[in-house]
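Here is the structure we will look at.
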Amino acid sequence: MAHVRAALAIATVLAVGVTPAVLGGTATAAVPPAAGTATTSTTGTVVQEGGPLVVTSGEEGAVTTRITVTLPTGHTGPVKARLLLPKPTWQWPDGSEGYDPLTPTCAVNGGAFSSCPWNILGNEVVFPATEAATTITYDIRVDADSRAAVMGTLAATLEVTDEAGAVIGSGPVVFRFVSGTVEASRRTTVLARDKAGVLWQYPSSGRDDKPLRARQRIGGGWNIYTSITTLGWRTAAGQGDLVARDKAGVLWHYEGSGNPAAPFKPRVRVGGGWNTYTAITARAGGLVARDKEGVLWKYTRPFAEPGGGEVSTDLFWPRQRMGHGWNAYNVIEGQGYDDDAVARDASGVLWSYRMEGDSSTGGAYSPRGRVGGGWNVYKSLTWAQNLNGRGQDDLLALDKNGRLWLYESSSWNYGQLPSSIRKEIGWGWDIYDEIL
């Protein structure tokens, strides 16, 4: 799922702390003028009140800077103003370009704020026109999402022109973008079912030092299920689906509600007969399931299937055979937002599988790659999607003493685990019998 990889990669740049010049842009760091210092041009003066505007990128919300322009005498009629930012040449990992992370609104002479559109180049904010006067104030309110933190310090230019288009006022406006709280829609959650059947969620924080926030109760009664599996990307904003198999072998679908306080809609019956499987795990919006003979099967959701035609109303297309011999593993964990998987054998060796082929071949796995031994110290493994805001494919491992460990990686490249160093992020997790 390209958009899921993109949502993960977006969070990756947040922790890098580079300027757009490193990303290929033309923006350069500026030496901010002292607070309230007037900059004199050949045409007029421009003062950014309070100095550079510090913009916290994330959930913190918009902030405002005021620019006071003093024009030379003798000008009459309407004047226009625009804010020129360094021309962007970089592209964000989700495919968007330029200053897409920023949402500006503008006001003139203390009036009401309104949307001030970007021009076609994407680096120009246009203010509403006003009548010439000795002094004009321009307010710009900037709301920045968490991607904007990498922009660092940007020096823009406020330019005022008369009716004929001649520049009659010009001067710098400086913005300093810093990291804030990553938006809930860009963070994930870890779900855990306790032994009383209560399901809890731990929203990720986007932080390195404490990647999980305090748990929140979802509801009871989840001990009627023998298997619970995530479907696709799950966010702290209440997005993302689950499927759960009950003791009679019936599979139920819980659609994401978009409400973080109650993240799932009432369940809908998918179908019976799922007791034939000894393992069910996620795969790029769908499922893979191992039957009692060790054969692995793929279930793909209709919206994820390439090709034209009408979209099926069923939750999954008919299953496709992927391979045999999977009874060699006591743990199989697929990624709900990717096609890859890891599997642990009886001797404790962890293996990595990457998907190859397409729907016509059943989406077979490439030959497995060895990650390493010693993984039998863990009771369970699960993909955490994105806990610390870097957009990496995090793996959670619960040991037999109830301690929760985090393994970070940017890619499970044929068994190569880029970050094999684990970090303890919790204890007392032995109260749970299911983590996903």
For the residue pair [X] and [Y], establish whether any side-chain heavy-atom pair is separated by less than 4.5 Å.
{"X": "P52", "Y": "T153", "value": "no"}
{"X": "L191", "Y": "T230", "value": "no"}
{"X": "V331", "Y": "S380", "value": "no"}

- Note on the structure: Smallest heavy-atom separation, W317 atom then P302 atom, equals NE1-CA, 3.2 Å

- Task: Please report the closest heavy-atom contact between P86 and Y99, naming both atoms and the distance.
- Result: O-OH, 2.7 Å

- side chain to side chain contact (heavy atoms under 4.5 Å, CB included) partner of W200, the single match among I431, D194, I218: D194

- Apply the test side-chain contact (heavy atoms from CB on, under 4.5 Å) to residues L404 and L212: give CA-CA distance (whole Å), side-chain angles for both, the deciding distance (0.1 Å), then the verdict. CA-CA 11 Å; L404 193 65; L212 293 178; 4.3 Å; yes

- Task: Decide side chain to side chain donor-acceptor pair (under 3.5 Å) for T226 and R245; before the verdict, give the C-alpha distance in whole Å, the side-chain angles of both, and the deciding distance to 0.1 Å.
- Result: CA-CA 6 Å; T226 59; R245 180 187 63 190; 2.9 Å; yes

Cation-pi, [Y] ring and [X] (6.0 angstrom, 45 degrees):
{"X": "R422", "Y": "W405", "result": "yes"}
{"X": "R193", "Y": "W222", "result": "no"}
{"X": "R290", "Y": "W326", "result": "no"}
{"X": "R344", "Y": "W375", "result": "no"}

Which distance, rounded to the nearest 0.5 Å, do you find between the [atom1] of [X] and the [atom2] of [Y]?
{"X": "E49", "Y": "T65", "atom1": "CD", "atom2": "OG1", "value": "8.0 Å"}
{"X": "I332", "Y": "L381", "atom1": "CD1", "atom2": "CG", "value": "12.0 Å"}
{"X": "L83", "Y": "I67", "atom1": "CG", "atom2": "CD1", "value": "6.5 Å"}
{"X": "I435", "Y": "K379", "atom1": "CD1", "atom2": "NZ", "value": "8.0 Å"}
{"X": "F316", "Y": "L251", "atom1": "CZ", "atom2": "CG", "value": "6.0 Å"}
{"X": "N401", "Y": "D430", "atom1": "CG", "atom2": "CG", "value": "8.0 Å"}

- Message: Test side-chain contact (heavy atoms from CB on, under 4.5 Å) on E333 and W383; report intermediate values, then the result.
- Response: CA-CA 7 Å; E333 278 297 320; W383 290 102; 4.1 Å; yes

- Query: Does the salt bridge (charged side-chain N to carboxylate O under 4.0 Å, His left out) test come out yes or no for E255 and K265, once each step is laid out?
  - Reply: CA-CA 5 Å; E255 184 181 355; K265 297 179 181 179; 3.6 Å; yes

- Task: Start with the C-alpha distance between L287 and W274, add both sets of side-chain angles, then the distance that settles side-chain contact (heavy atoms from CB on, under 4.5 Å), and finish with yes or no.
- Result: CA-CA 12 Å; L287 300 174; W274 286 76; 4.0 Å; yes

Give a yes or no on whether the backbone of [Y] and the side-chain of [X] come within a donor-acceptor separation of less than 3.5 Å.
{"X": "R234", "Y": "T189", "answer": "yes"}
{"X": "Q239", "Y": "S185", "answer": "no"}
{"X": "T281", "Y": "G334", "answer": "yes"}
{"X": "Q216", "Y": "A261", "answer": "no"}

- Applying side-chain contact (heavy atoms from CB on, under 4.5 Å), run through V55 and E60 and close with a yes or a no. CA-CA 9 Å; V55 183; E60 281 72 11; over 6 Å; no

- Query: Under the side chain to side chain donor-acceptor pair (under 3.5 Å) criterion, do R187 and S204 qualify, and how do the steps go?
  - Reply: CA-CA 6 Å; R187 292 183 283 109; S204 65; 4.7 Å; no

- Message: Salt bridge check, R301 against D241: does any charged N sit closer than 4.0 Å to a carboxylate O?
- Response: yes

